[in-house]
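Each chain gets a letter, A, B and so on, in the order the sequences are listed, and its residues count up from 1.
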Amino acid sequence: MTQEHATSDDAPTGNHDASASTDDGTNLSVYRERRLAEVQHLRDRGVNPYPYRFDRSHTLGELRASHGNLAAGSETTDTVAVCGRVMLKRDQGKLIFITIRDRSDEIQLFVSKAVVGDAEFDAINAFDMGDWVGARGLVMTTRKGELSVKVSEVQLLAKSLRPMPDKWHGLADVDTRFRQRYADLIVNHDARRTFEIRHAVIASVRRTLGARGYVEVETPVLHAEAGGAHARPFVTHHNALDLQLYLRIALELHLKRLIVGGMERVFEIGRVFRNEGISPRHNPEFTMLESYEAFADYDDIMQLTQDIIVNAARDALGTTTIDIGGAPYDLTTPWPRKRMIDLASEKVGRELHPSQSVDSVRKVASDNGVKWEPHWGSGRIIEEIFAEKAEAELLTPTFVTCHPVEISPLARVHRDDPHLTERFELFVQARELANGFSELNDPVEQRARFEAEQRAKEAGDATAGTVDEDYLRALEFGLPPTGGLGVGIDRLTMLIAGVSSIREVILFPTLRPEADE
RNA sequence: GCCCCUCUAGCUCAGUUGGUUAGAGCAACGGACUCUUAAUCCGCAGGUCCUCGGUUCGAAUCCGAGGGGGGGCACCA
């Protein structure tokens with residue numbers, strides 16, 4: 001019967017039928033044709049399969065909150081209107097149980113043929129899993145105590161044409177999960193949970209900074225020069241200006257211009273782009289928090305960093321204890337601070353310092369199996385020794401501090417040691433999670449650092465920076481003492497959600513385009 | 001970019017040392033059933049075994065090339 005509709009009533013849906021049936025003839029296309037026929041069947045009966053709106057009296061979560069304590073076998077006189085997606089259907093003959101879900105909860109619809117009548121019962125029975133429906137009826141519980149809506153009327157809100165993934169096993173294929181995130185979100189609770197946590201983390205960060213008087217700003221994504229970090233940029237082009245532009249690799253230089261302008265405390269949560277490899281910890285576009293606070297130094301910012309992360313965990317999970325390497329760890333524990341040169345020195349059994357000659361540091365590196373490049377200075381080699389020998393052991397939160405000047409072109413020289421900077425990086429699970437420092441605000445020194453970067457770039461370091469003249473001009477107007485911070489929001493979410501791939505916390509991670517079509 | 005692993009029905013997965021017509025569960029479809037909970041029961045249908053090429057009497061299975069994905073390395077924080 002419905003098949004006849006599919007073949008005879010295809011004028012308005014001819015395109016769908018053609019694409020669904022001509023070339024493949026697979027189970028999937030048969031399935032879609034059947035549901036398309038059902039759509040046409042509804043239209044023939046004057047039912048809009050895609051109505052415009054639905055008046056909902058309660059979300060499913062609200063309904064459970066208000067009636068969750070009903071005793072088994074109760075019938076109330078409370079009329080509600082609820083809506084959601086059909087997730088399960090249990091046809092009992094003259095009784096149908098339909099589990100619908102909205103974003104807050106799941107509730108069972110109790111459909112009795114004796115209540116709704118034969119015609120309506122058949123219409124409800126034609127619903128498929130995945131359909132969006134709205135129902136009106138009385139709140140009740142079944143004999144076994146399941147909170148239900150005894151429906152008097154159910155309305156289709158949107159017809160689903162595709163089969164749902166396995167109702168028990170969900171969708172496991174990671175490729176499909178990332179490409180078809182909608183399907184992942186429909187069937188995988190963990191996926192929904194992860195993105196709820198992501199939202200809670202970001203909202204918490206905004207609250208923490210807002211409570212400290214920070215102002216949220218937005219700065220350009222298109223940069224004439226990609227500065228503020230060491231990374232290869234994406235290149236793009238503006239037609240009207242006939243101008244080569246770069247997608248930003250950091251937020252830093254614009255935000256500090258705002259501190260020059262007197263905004264005192266600013267932050268931005270924004271997308272940055274780095275044209276580099278993809279890994280479980282790297283996506284080409286990712287979300288950075290950067291914040292800058294006038295009159296603060298890196299010591300203040302380390303405290304801020306821990307506050308932000310502790311609050312984020314508390315707000316997202318309701319606890320500050322998370323799992324690190326299989327063991328519980330309370331984030332409120334004071335996080336140790338260790339100088340990079342000390343961590344590196346410990347591992348090689350010799351005092352290392354960027355004031356030492358390049359030759360002597362090279363020898364230490366080579367003796368310990370650490371490779372170095374000819375254009376690296378002592379400081380850069382020490383960083384490499386740290387990265388190769390010490391970094392992997394930094395599982396619980398640790399502030400690595402006082403990086404060599406050579407690798408920190410935007411950080412201020414340490415007040416007690418001219419070869420080091422007032423900088424820190426936070427490592428958790430051997431991954432960098434945050435980076436901050438007392439900001440360099442001497443325009444003369446900043447120019448010298450930029451020029452050193454420029455020379456490194458010309459010497460072949462593709463990730464080195466260039467001289468940003470406008471930023472130098474800003475500094476000449478006067479940047480107050482400032483403490484700055486950058487936090488990888490994706491990695492922070494990974495930590496709090498307890499997932500191991502960055503793709504799990506990015507709704508639509510970068511993938512190669514799908515073939516064919 | 002390099003190395004390893006992986007790809008079978010809409011989904012989740014079997015598929016032996018290469019051997020007839022590639023199987024199961026769920027979903028779908030037909031039927032039974034008024035308190036189910038992944039409902040159950042009966043019946044039926046569904047396949048470009050990622051693609052191309054090769055070896056073989058015979059390939060989902062072995063070989064080569066290519067594609068997607070995952071992990072590692074490199075790059076990079």
Side-chain angles (χ1 to χ4, degrees), chain A residues 1-3 23-35 37-38 72-73 75 87-99 106-116 121 128-130 140-148 150 160-180 183-184 186-188 229-232 249-250 272 274-284 286 288 371 383-384 386-387 391 400 403 407 425-427 430-435 461-463 486 488 491 500-503 509 511-516:
Chain A
M1 194 140 203
T2 48
Q3 288 295 1
D23 34 9
D24 45 323
T26 60
N27 200 26
L28 178 60
S29 71
V30 169
Y31 193 103
R32 287 184 67 245
E33 282 174 48
R34 185 173 291 123
R35 291 205 182 185
E38 171 66 16
E75 297 231 6
M87 298 307 296
L88 292 171
K89 208 175 129 201
R90 296 175 290 278
D91 177 1
Q92 196 67 43
K94 293 179 177 139
L95 205 56
I96 312 168
F97 299 92
I98 297 175
T99 301
E106 295 182 349
I107 287 287
Q108 173 171 281
L109 303 182
F110 181 99
V111 184
S112 165
K113 196 165 195 169
V115 172
V116 299
F121 191 82
D128 289 295
M129 291 202 287
M140 60 164 279
T141 54
T142 63
R143 286 173 201 161
K144 294 204 176 142
E146 183 74 30
L147 181 61
S148 309
K150 186 174 193 173
S160 167
L161 301 181
R162 289 187 177 255
M164 296 276 282
D166 193 284
K167 67 183 179 184
W168 184 245
H169 299 98
L171 185 63
D173 182 76
V174 287
D175 185 18
T176 309
R177 285 187 48 232
F178 297 153
R179 286 188 197 284
Q180 301 180 31
D184 186 33
I186 289 170
V187 296
N188 289 329
H230 280 170
R232 286 187 175 79
I249 58 172
V272 299
R274 297 186 181 179
N275 204 340
E276 285 151 4
I278 295 178
S279 84
R281 292 160 292 283
H282 301 265
N283 196 64
F286 62 100
M288 281 271 283
K371 291 181 186 151
E383 182 198 30
E384 190 67 14
F386 159 78
E391 191 178 305
V400 175
H403 301 53
I407 58 166
E425 287 178 301
L426 173 65
F427 282 85
R431 294 196 280 261
E432 182 201 347
L433 199 59
N435 181 21
D461 183 350
T463 68
R491 289 182 178 180
S500 59
S501 170
I502 198 168
R503 297 183 191 93
L511 298 172
R512 283 196 165 80
E514 228 171 333
D516 85 275

Please work out if [X] contacts a base, only the sugar-phosphate, or nothing of the nucleic acid, heavy-atom cut-off 4.0 Å.
| X | result |
| --- | --- |
| A:G73 | nothing |
| A:R162 | nothing |
| A:N435 | nothing |
| A:D166 | base |
| A:A114 | base |
| A:R232 | sugar-phosphate |
| A:L88 | sugar-phosphate |

Considering only side-chain heavy atoms of [X], which listed nucleotide, [options], is closest?
| X | options | value |
| --- | --- | --- |
| A:D175 | B:U36, B:G71, B:G68 | B:G68 |
| A:S112 | B:U36, B:U34, B:U12 | B:U34 |
| A:Q92 | B:U34, B:U12, B:U37 | B:U34 |
| A:L511 | B:G70, B:C29, B:U12 | B:G70 |
| A:Q108 | B:C13, B:U34, B:U37 | B:U37 |
| A:E276 | B:A39, B:G71, B:C75 | B:C75 |
| A:M129 | B:G71, B:A27, B:C33 | B:A27 |
| A:H282 | B:U36, B:C76, B:G70 | B:C76 |
| A:P165 | B:U34, B:C35, B:C11 | B:C11 |

In whole angstrom, give me the gap between the [atom1] atoms of [N] and [M].
| N | M | atom1 | value |
| --- | --- | --- | --- |
| B:A27 | B:U12 | C1' | 11 Å |
| B:A59 | B:C75 | P | 46 Å |
| B:C4 | B:G15 | P | 24 Å |
| B:A45 | B:A24 | C1' | 15 Å |
| B:G19 | B:G71 | P | 33 Å |

Does [N] have a Watson-Crick or wobble partner in any strand here, with both distances under 3.5 angstrom, and which is it?
| N | result |
| --- | --- |
| B:C62 | B:G54 |
| B:G43 | B:C29 |
| B:A14 | none |
| B:C2 | B:G72 |
| B:U21 | none |

Within the structure, does a side-chain N or O atom of [X] lie under 4.0 Å from either OP1 or OP2 of [N]?
| X | N | answer |
| --- | --- | --- |
| A:K167 | B:A27 | yes |
| A:R179 | B:G69 | yes |
| A:K144 | B:U36 | yes |
| A:R512 | B:G69 | yes |
| A:R503 | B:G70 | yes |
| A:R90 | B:A39 | yes |

In whole Å, I'd like the distance from the [atom1] atom of [X] to the [atom2] atom of [N].
| X | N | atom1 | atom2 | result |
| --- | --- | --- | --- | --- |
| A:I278 | B:A74 | CD1 | P | 17 Å |
| A:E106 | B:U36 | CD | C1' | 15 Å |
| A:F286 | B:C76 | CZ | C1' | 10 Å |
| A:F121 | B:U34 | CZ | C1' | 8 Å |
| A:Y31 | B:C29 | OH | C1' | 10 Å |
| A:R491 | B:C76 | CZ | P | 14 Å |
| A:Q180 | B:G68 | CD | C1' | 13 Å |
| A:K89 | B:C33 | NZ | C1' | 15 Å |

Pair A:Q108-A:R90, side-chain contact (heavy atoms from CB on, under 4.5 Å): steps then yes or no: CA-CA 10 Å; A:Q108 173 171 281; A:R90 296 175 290 278; 2.8 Å; yes
Look only at the side chain of [X] and the backbone of [Y], and say whether a donor-acceptor pair between them is shorter than 3.5 Å.
| X | Y | value |
| --- | --- | --- |
| A:T141 | A:G73 | yes |
| A:N188 | A:L171 | yes |
| A:R274 | A:I249 | yes |

Tell me which one of A:D173, A:V174, A:D175 satisfies side chain to side chain contact (heavy atoms under 4.5 Å, CB included) with A:R177.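 Single side chain to side chain contact (heavy atoms under 4.5 Å, CB included) partner of A:R177 among A:D173, A:V174, A:D175: A:V174.
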